[in-house]
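Note that the structure is predicted; figures quoted are calculated from it, not measured.
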Amino acid sequence: MEPHEAVLLAALHVGKKRVRAILHAGFIAWEPSNPKQAHERHQVPLTDIVTVLCSGATFTLVYGKRRPSSHEWRLQRTTFVASDATTAEAWTAEARRQIEAQKHRPRRVLVFINPYGGRRAAPRIYERRVRPLLELAGIEAEEIVTERPQQIRETLLEASLDNFDGIACVGGDGTFSELFNGLVARECRDAGVPMTSASLPRPRIPLAVIPGGSTNTVAFCMHGTDDPTTCAMHLVLGQRAGLDLCSTTSSDPEGARLYASVLSYGYLGDIAKESERYRWMGPRRYDYSGLRKFLGNRGYRGEVSVLLDHSDPAAETSKCVEGCERCNAPVDDATEAPTSDTETPWQVIRGKFLMVNGANISCACRRSPCGMSPSCHLADGCVDVILVNHTHIFNNLRLLLRLSSRKGSVAQLPFVRVLRARGFHFRPHDGGNGSGAATGSQQPIAPSGGKQSVWNCDGEVLTEGEATIRPHRQLVTVFRRPLVDPEEPGCALCS
């Protein structure tokens with residue numbers, strides 16, 4: 001019998017109950033010896049076990065368990081009492097051996113902690129909710145508390161990363177952005193590839209983000225929650241999946257930048273720019289700046305050229321969950337260039353917009369449970385272009401109410417258009433007579449008096465208006481598990 005096929009059977013006690021227990025096929029299962037209580041059967045996959053503790057004739061399973069009707073995970077403990085110490089030690093040794101054989105689990109990680117983001121809670125979150133889990137799992141962590149902007153990028157460009165199995169950050173979306181931008185920049189430098197390339201090298205080290213910012217959009221979309229314990233548990237247990245990133249380039253090649261959540265011109269760009277003046281207010285600065293810009297109701301004229309994908313996000317009802325066909329398709333097939341303009345045509349849209357958004361993920365968060373584009377996928381190599389026409393302030397209120405709702409999509413609003421794309425280009429309009437037509441044009445460009453907005457790129461401000469956006473399918477690997485619809489909990493044998 002091969003070591004991985006080892007089977008253990010024993011009569012144990014859990015509390016005052018006598019149980020029959022088995023370790024087999026990657027699971028530990030137990031049920032009461034009393035046939036009348038057979039419905040109380042439990043089973044835990046070894047992939048969910050953080051560690052096994054042993055003391056004399058007692059051993060304890062410490063494992064993660066998803067809460068019912070939720071994406072949140074919690075640490076559970078079940079203590080077994082064996083008839084003798086030899087039995088307890090045998091179960092502990094075999095469980096540990098099989099857990100250690102799971103090569104995807106990290107053994108040594110580099111952790112960046114941003115003490116300035118959001119409510120400045122990252123150090124406390126790490127000490128109370130992350131470090132104990134790492135120590136429990138026997139993971140060695142090297143911690144760096146950042147002191148200045150771009151420190152993460154500078155460290156990743158210069159430090160040796162050979163001994164790390166993962167890199168994590170405790171902070172918000174901006175902290176995570178600095179992390180993957182620095183890591184991809186390092187790979188590009190080592191491979192001699194410019195950041196503006198259509199094909200960027202994939203970093204070998206998987207990444208994790210532990211929420212500690214204001215909105216934590218990326219963590220929420222990846223894990224279905226911004227709960228730090230859940231995100232830390234997925235890091236510890238080590239399951240991985242790909243994550244798309246989008247690159248934005250302008251006329252300045254040095255200004256190439258990657259983003260994971262959304263690039264937004266107009267309303268959200270104005271909020272990001274103005275909120276920088278009120279950093280002393282903490283996360284409330286976004287509410288204050290958002291109200292000011294909402295009442296101002298400024299629109300911006302521009303031209304959006306979109307390379308369409310064959311799918312229509314407005315027609316989709318399914319979300320990116322476990323078994324997603326789009327994200328599980330072979331990477332090479334999903335990222336092939338279009339064979340003709342007929343198959344994936346360019347569409348040019350001109351008009352006056354409240355917002356122009358390129359969503360790499362659904363952009364869901366606590367304040368917006370469904371996000372900008374609920375059917376946006378995490379790893380399909382596409383970007384959802386969300387165009388919000390400039391309209392009266394009451395329609396803007398409808399937009400904000402829809403974003404904060406748990407049902408529906410902004411695509412259902414008549415002044416919002418959502419297109420799934422393999423890339424797009426935006427050019428702000430600051431003058432001209434609006435002559436000329438284009439395929440898919442909604443209205444001609446008219447003079448706008450030279451007023452322009454800025455881009456909100458994962459919470460950071462990019463000042464150059466014209467930009468080209470290109471998605472890069474599964475450019476980075478992240479510690480995450482495929483989302484399971486909380487209304488339909490997955491089977492323990494299949495999850």
Of all pairs that satisfy ring pair (Phe, Tyr, Trp, His ring centres under 6.0 Å), the ones with a partner from residues 196-231, not counting sequence neighbours
H223-H234
Does D226 come within less than 4.0 Å of R366, counting only side-chain N to carboxylate O?
yes
Intermediate values then yes/no, salt bridge (Lys or Arg N to Asp or Glu O under 4.0 Å), R427 and E303:
CA-CA 5 Å; R427 180 175 65 87; E303 175 183 283; 3.5 Å; yes
Please say whether more than 12 non-hydrogen atoms of neighbouring residues, nucleotides or ligands are located less than 6.0 Å from CD in Q412.
yes
Please enumerate all residues that pass salt bridge (Lys or Arg N to Asp or Glu O under 4.0 Å) together with R131, with sequence neighbours excluded.
E127, E143
Let me see the working for R326 and D309 under salt bridge (Lys or Arg N to Asp or Glu O under 4.0 Å), right down to the final yes or no.
CA-CA 12 Å; R326 289 186 62 87; D309 182 67; 3.4 Å; yes
Regarding N357 and S264, do their side chains bring together a donor and an acceptor under 3.5 Å, going by distance alone?
yes
Considering only heavy atoms from C-beta outward, does the side chain of F176 approach that of E178 to under 4.5 Å?
no
Taking all atoms of both residues into account, what is the closest heavy-atom pair of P194 and C188, and its distance?
O-SG, 4.4 Å
Any side-chain to backbone donor/acceptor pair from H425 onto A467? Under 3.5 Å, distance only.
yes
R189, CZ: over 12 other non-hydrogen atoms inside 6.0 angstrom:
yes
Do S404 side-chain atoms and L401 backbone N/O form a donor-acceptor pair below 3.5 Å?
yes
Say whether T230 and H71, considering side chains only, have a donor N or O and an acceptor N or O under 3.5 Å apart.
no
Short side-chain donor-acceptor distance under 3.5 Å, R153 and Q151
no
Would you check if I125 and I210 make a side-chain contact, meaning some heavy-atom pair closer than 4.5 Å?
yes
Where the side chain of D458 meets the backbone of D173, is there a donor-acceptor pair that is under 3.5 Å apart?
no
Side chains of R129 and T229: donor-acceptor distance under 3.5 Å anywhere?
yes
Donor-acceptor pairs are to be reported for all side-chain atoms of residues 105-113 against protein atoms at under 3.5 Å, with residues two or more places apart or in another chain.
{"residue": "R105", "atom": "NE", "partner": "Q102", "partner atom": "OE1", "Å": "2.7"}
{"residue": "R105", "atom": "NH1", "partner": "I49", "partner atom": "O", "Å": "2.7"}
{"residue": "R105", "atom": "NH2", "partner": "L46", "partner atom": "O", "Å": "3.0"}
{"residue": "R105", "atom": "NH2", "partner": "T47", "partner atom": "O", "Å": "3.3"}
{"residue": "R105", "atom": "NH2", "partner": "I49", "partner atom": "O", "Å": "2.8"}
{"residue": "R105", "atom": "NH2", "partner": "Q102", "partner atom": "OE1", "Å": "3.1"}
{"residue": "R107", "atom": "NH1", "partner": "R105", "partner atom": "O", "Å": "3.4"}
{"residue": "R107", "atom": "NH2", "partner": "E100", "partner atom": "O", "Å": "3.0"}
{"residue": "R108", "atom": "NE", "partner": "E140", "partner atom": "OE2", "Å": "3.3"}
{"residue": "R108", "atom": "NH2", "partner": "E142", "partner atom": "OE1", "Å": "3.3"}

Any side-chain to backbone donor/acceptor pair from S247 onto L258? Under 3.5 Å, distance only.
no
Taking 4.0 angstrom as the limit, do K103 and D165 come out as a salt bridge?
no
For the student: nearest non-hydrogen atoms of G371 and L403, plus distance
O-CD2, 3.9 Å
Regarding D244 and R473, does a basic nitrogen lie under 4.0 Å from an acidic carboxylate oxygen?
no
Evaluate the side-chain proximity of I469 to Y259: yes if any heavy-atom separation is below 4.5 Å, no if none is.
yes
R406 atom CZ, over 12 foreign heavy atoms within 6.0 Å:
no
State, with a plain yes or no, whether a side-chain heavy atom of F353 is found less than 4.5 Å away from one of L387.
yes
Can you name the residues that form a ring-ring contact (aromatic ring centres under 6.0 Å, His included) with W455, not counting sequence neighbours?
Y265, F426
For the CG atom of L133 and the SG atom of C231, what is their distance to the nearest 0.5 Å?
11.5 Å
Side-chain contact test, heavy atoms from C-beta onward, threshold under 4.5 Å: evaluate it for V184 versus M195 and give yes or no.
yes
Can you name the salt bridge (Lys or Arg N to Asp or Glu O under 4.0 Å) partners of K293, sequence neighbours left out?
E274
My understanding is that only residues two or more places apart in sequence, or in another chain, count here; which of them pass side-chain hydrogen bond (donor to acceptor under 3.5 Å, both in side chains) with N297?
N396
Okay, side chain of R202, backbone of Q474: is any donor-acceptor separation there less than 3.5 Å?
yes
Indicate whether the side chain of S373 and that of R420 have a donor and an acceptor atom separated by less than 3.5 Å.
no
Donor-acceptor pair, N395 side chain versus T391 backbone, under 3.5 Å?
no
